[in-house]
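These notes concern the structure reproduced below.
Residue numbers begin at 1 in each chain, while the letters A, B, ... track the order of the sequences.
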Amino acid sequence: MERFVTRGQKRPGSDGATDEAPRGSEKKRIKVEICDDEGVKEEDEDAAFEEFSHPIPWQKIEADGLDCDYALLFSKEEADHLFKQLEEEVVYMKGEEAKVQVFGKVYSIPRKQATYGDEGLTYTYSGVKHSACPWTPTLEYIRDAVTKTTGQTFNFVLVNRYKDGQDHMGEHRDDERELDPLCPIASVSLGAARDFIFRHRDARGKQSHRHIEPVKLELAHGSMLLMNPPTNTFWYHSLPARKKVLLPRINLTFRRILLDSKK
DNA sequence: TGGCTATCACACCA
DNA sequence: ATGGTGTGATAGCC
């Protein structure tokens, strides 16, 4: 069974007049598709709250073992500006660095990637160790904006650039060995809106024991998706190809990498 | 040791 | 019929 659900409309009865809306008290509409054998259950989104310093309308996205928060972090004008700045500043991997080995065969990854972060940090992707470049001004600005709204600090960002709808990323989880398991991953989107799909690890494959429908959402220009633990443990995510998308998208995933003393 | 990663083939749908 | 999309098979490396 599949249903499209629009969640997060303004609560009936909320006066909606307060400037200092606590997190979750006022919602923007985004299209979230939550599918479930028994249909959709509406949760009280106000039940979840944390003290954030900036009042932003948050959208809670929850399923079994999945816990995300979605918000528009930047206005269109600011997001346009940031996108342009990143197009000038970010230097992407090329050549051998942009290749990946899958089932013995070597491919160029279907997107461009770059890693930035605190000095000396490294990140392993598909068995290849990348060292982080020093932060650029725009990446620092966005990082700080994320920190202000989430209260979380980050020492690393993975930049993915999808030149159009043909560029994509296959289903995966982020490497848990290197990541601080208690720190959420903050995913900032700039440019073309793209579909984003979560699938539960027990609902993959031909004969999976559980029937858990995927959670699908669209990541808008200037948005931020916070993936809270334990989401990354149970849910794979992907950015599927979309032939109709003709414009580029830049995605920034801010993380906290453990200083590699232990692996 | 097992889980990862992209592509291809093919089924399904409108 | 056609094109876009979703799912499974693939089988080597660390």
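- Side chain of A:Arg249 to main chain of A:Ser189: no donor-acceptor pair is present (N/O by atom type, distance under 3.5 Å, no hydrogens or angles).
- For A:Val100, the listed nucleotide lying nearest its side chain is B:dA6; candidates were C:dG8, C:dG6, B:dA6.
- The aromatic rings of A:Phe198 and A:Trp235 stand perpendicular to each other, their planes meeting at an angle above 60°, with 30° marking the opposite boundary.
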Note to self: Quick one, A:His237 with A:Asn232, criterion side chain to side chain donor-acceptor pair (under 3.5 Å). Give me CA distance, side-chain angles, the key distance, then yes/no.
What the structure shows: CA-CA 9 Å; A:His237 57 269; A:Asn232 194 43; 4.6 Å; no

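- For A:Arg199, taking side-chain heavy atoms from C-beta onward, the closest of the listed nucleotides B:dT7, C:dG8, B:dT5 is C:dG8.
- Atom CZ in A:Arg204 sits about 13 Å away from atom C1' in C:dA9, given to the nearest Å.
- One can place NE2 of A:His211 at 14 Å from P of C:dT7, the figure rounded to the nearest angstrom.
- Side chain of A:His172, nearest nucleotide from B:dT5, B:dA6, C:dT5: B:dT5.
- Between A:Phe154 and A:Phe254, the angle of the ring planes lies from 30° to 60°, which puts this pair in the tilted group.
- The partner of B:dA14, taking Watson-Crick or G-U wobble pairs whose two distances both stay under 3.5 Å, is C:dT2.
- Going from atom CG of A:Asp174 over to atom P of B:dG3 covers 17 Å, rounded to whole Å.
- Taking atom OH of A:Tyr123 as the reference point, atom P of B:dT5 lies 8 Å away to the nearest angstrom.
- What separates OH of A:Tyr236 from P of C:dG6 is a distance of 19 Å, to the nearest Å.
- OP1 and OP2 of B:dT5 both lie 4.0 Å or more from every side-chain N or O belonging to A:Arg111.
- Residue A:Tyr107 places its side chain closer to B:dT7 than to any other of C:dT5, B:dT7, B:dT5.
- When rounded to the nearest whole Å, the span between CG of A:Asn232 and C1' of B:dC4 equals 14 Å.
- Distances shown here put a side-chain N or O of A:Arg173 below 4.0 Å from the OP1 or OP2 atom of B:dC4.
- Between the CD atom of A:Glu178 and the P atom of B:dC4 there is a distance of 14 Å, given to the nearest Å.
- With C:dC13, C:dT5, B:dT7 as the choices, the nucleotide that has an atom nearest any side-chain atom of A:Gln101 turns out to be C:dC13.
- A:Arg201 comes within contact range of no nucleotide atom at all, as no heavy-atom separation falls under 4.0 Å.
- Counting only heavy atoms from C-beta on, A:Lys243 has its side chain closest to C:dG4 among B:dT7, C:dG4, C:dG6.
- Between A:His168 and B:dT7, a side-chain N or O to OP1/OP2 separation shorter than 4.0 Å is present.
- Between the CD atom of A:Glu171 and the C1' atom of C:dT7 there is a distance of 9 Å, rounded to whole Å.
- The side chain of A:Arg177 contributes no N or O atom lying less than 4.0 Å from OP1 or OP2 of C:dC14.
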